[in-house]
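Notes follow once the structure below has been shown.
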Amino acid sequence: MFKALISNLFVIIMLSGCSETRYNQPERHVHIRKQNGKYILYKNNQPFFIKGASGSSNLKLLKQSGGNAVRIWDTTHLGTVLDSARANQISVIVGLPVQNSNVAALYNHPERVAAQYEAFRKIVNKFRKHPAVLMWCVGNELDFPYGWSYYPFYKAFNELTDMIHRDDPHHPVTTTILNFNPKYIANLLIRCDIDLISFNIFSTLDLLRNNLRYYLWLWHGPYMVLEWGTDGPWQGTKQTAWGAYIEKTSNEKAAVYKERYQLHMPLESRRFLGGFVFFWGHKQETTHTWFSIFDMRGRKTAAVKTMNYLWTGKVLNESYPEIKHMLVENRDAFQDIILVPGRKSYAEVALLSSADSIKTINWQIYREDWFKRNNENSTRLLMPLSQLMRAEQGLKAEFTTPAQEGPYRIFATLYDYKGNLATCNTPFYVVSTR
């Protein structure tokens, strides 16, 4: 206990000496000011509260929906994204994909660290004057451990942030941590030099207010939420008996966005600079629908209407297909659907809205995606098993179960006459009786 007390005292002493001059530099193109105890982000000397989204597509619609910023990680096509953002009056937080602190193969080799540094230095200097740039984000969900063995990582991280502060003093620097981690926050404050902390936080967003309040003694600076949204295919999300994560329907996800933003986002906080919904675009992550607010052709799910309301306060006069549930052989995903190979089977979608508004329904079967690297959800694009589905089917579809034993998923995508869509899927497992 004494050791912990000394540690906390050390943190307090360190923090008490931190200068707040960085938050009062109006000559910077983008800067954070502390005024009457409140942190305010300024761009071109105008207050800029972030209503953002992760992604780089559908920027015109983002602006029309009340959004004003995106967070991206694509440095390969950065110039194109920045130009598109500028044309649509969208600001960009540019993510620099720094390797995590446990990658010894990088941080224990000075020449590789130097190569990473030089690559990011060129990016910063090439785009630092682009009017769409809002901030730089050094790394995504990095770990910031206590151990002094991580000195090479901290040295490399600080060289990057020092370079950005030196070469581009007109844009703040942040990094993201997963959820609210007091240990990482303490190490960021003691061992690093960033302008604000950012969180990627999903299922524990409801704890953020209390955590911020409880650890106010540790840290009282500005922050953003760089990723928030529906729960993903990870621990805490409900699974089948064979470990397949159960995905919500697209309209259920839209309801989650609304509830979490209105109830749990700390909008009243005097330190909160804004948040970024995940994901404004189409993204393959375990499934092609899990985080996707749009389909591959840019057609919208109900989450667009929800975010328009949350950002503007206006309810769009727009309708979307509303799915109640999907059943396979009269069972839902929570009932562990086991099928035999090579047999005729049926899936059915029940609606909350009128079926008269549905123009087409696209049914597809995919193998369950188990592939993971570094314990991260797979983003590899899968191909549907098209030979198993009959073409042109309605709310009830007939399919042939796969011949090969294993886990699968059946998807239904419903389009209305305006091109808006809704999605759902159900995992099932094929077991041979032989």
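Aromatic pair Phe153/Phe144: centroids less than 6.0 angstrom apart. A centroid separation of less than 6.0 Å is found between the aromatic rings of Trp234 and Phe202. You'll find the ring centres of His282 and Phe294 outside the 6.0 Å limit.
The stretch residues 295-307 participates, sequence neighbours left out, in these salt bridge (Lys or Arg N to Asp or Glu O under 4.0 Å) pairs: Asp295-Arg299, Lys300-Glu318. Sorted by first and then second residue, the salt bridge (Lys or Arg N to Asp or Glu O under 4.0 Å) pairs with a member in residues 50-77 read Arg71-Glu227; sequence neighbours excluded. A salt bridge (Lys or Arg N to Asp or Glu O under 4.0 Å) check over residues 272-294, counting only residues at least two apart or in different chains, returns the pairs Lys283-Glu285. Pairs engaging residues 84-98 under the side chain to side chain donor-acceptor pair (under 3.5 Å) rule: Lys43-Ser91 [sequence neighbours left out].
Sparse packing is recorded around CD of Gln235, with 12 or fewer heavy atoms of other residues, nucleotides or ligands lying under 6.0 Å away. For Lys122, the NZ atom sits in a loose shell: 12 or fewer heavy atoms of surrounding residues, nucleotides or ligands are nearer than 6.0 Å.
Residues satisfying the side-chain hydrogen bond (donor to acceptor under 3.5 Å, both in side chains) test with Asn36, not counting sequence neighbours, are none. Phe127 is linked by a ring-ring contact (aromatic ring centres under 6.0 Å, His included) to nothing, counting only residues two or more places apart in sequence or in another chain. Residues passing the side-chain hydrogen bond (donor to acceptor under 3.5 Å, both in side chains) test with Tyr366 are Gln364, sequence neighbours excluded. Here Glu111 pairs with His109 under the side-chain contact (heavy atoms from CB on, under 4.5 Å) rule; sequence neighbours left out. For Ala85, the side-chain contact (heavy atoms from CB on, under 4.5 Å) partners at least two apart in sequence or on another chain are Leu59, Ile90, Val92, Ala132. Residues meeting the side-chain contact (heavy atoms from CB on, under 4.5 Å) test with Gln239, sequence neighbours left out: Tyr245. With sequence neighbours excluded, the residues satisfying side-chain contact (heavy atoms from CB on, under 4.5 Å) with Arg367 are Leu385, Gln404, Tyr408.
Not a single donor-acceptor pair under 3.5 Å links the side chain of Asn308 to the backbone N or O of Val304.
Of all the heavy atoms in Leu421 and Tyr320, the pair that sits closest is O-CD2, 4.1 Å.
Ring planes of Phe49 and Phe272: perpendicular class, angle over 60° (limits at 30 and 60°).
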Which donor-acceptor pairs under 3.5 Å do the side chains of residues 94-101 make with protein atoms, sequence neighbours left out?
unit_1: Asn100; atom_1: OD1; unit_2: Asp143; atom_2: N; d: 2.8
unit_1: Asn100; atom_1: ND2; unit_2: Asp143; atom_2: OD2; d: 3.2
unit_1: Ser101; atom_1: OG; unit_2: Asp143; atom_2: O; d: 2.9

Between Trp228 and Tyr261, is a ring pair (Phe, Tyr, Trp, His ring centres under 6.0 Å) present by the stated rule, with each step listed? CA-CA 9 Å; Trp228 71 274; Tyr261 193 84; 5.5 Å; yes
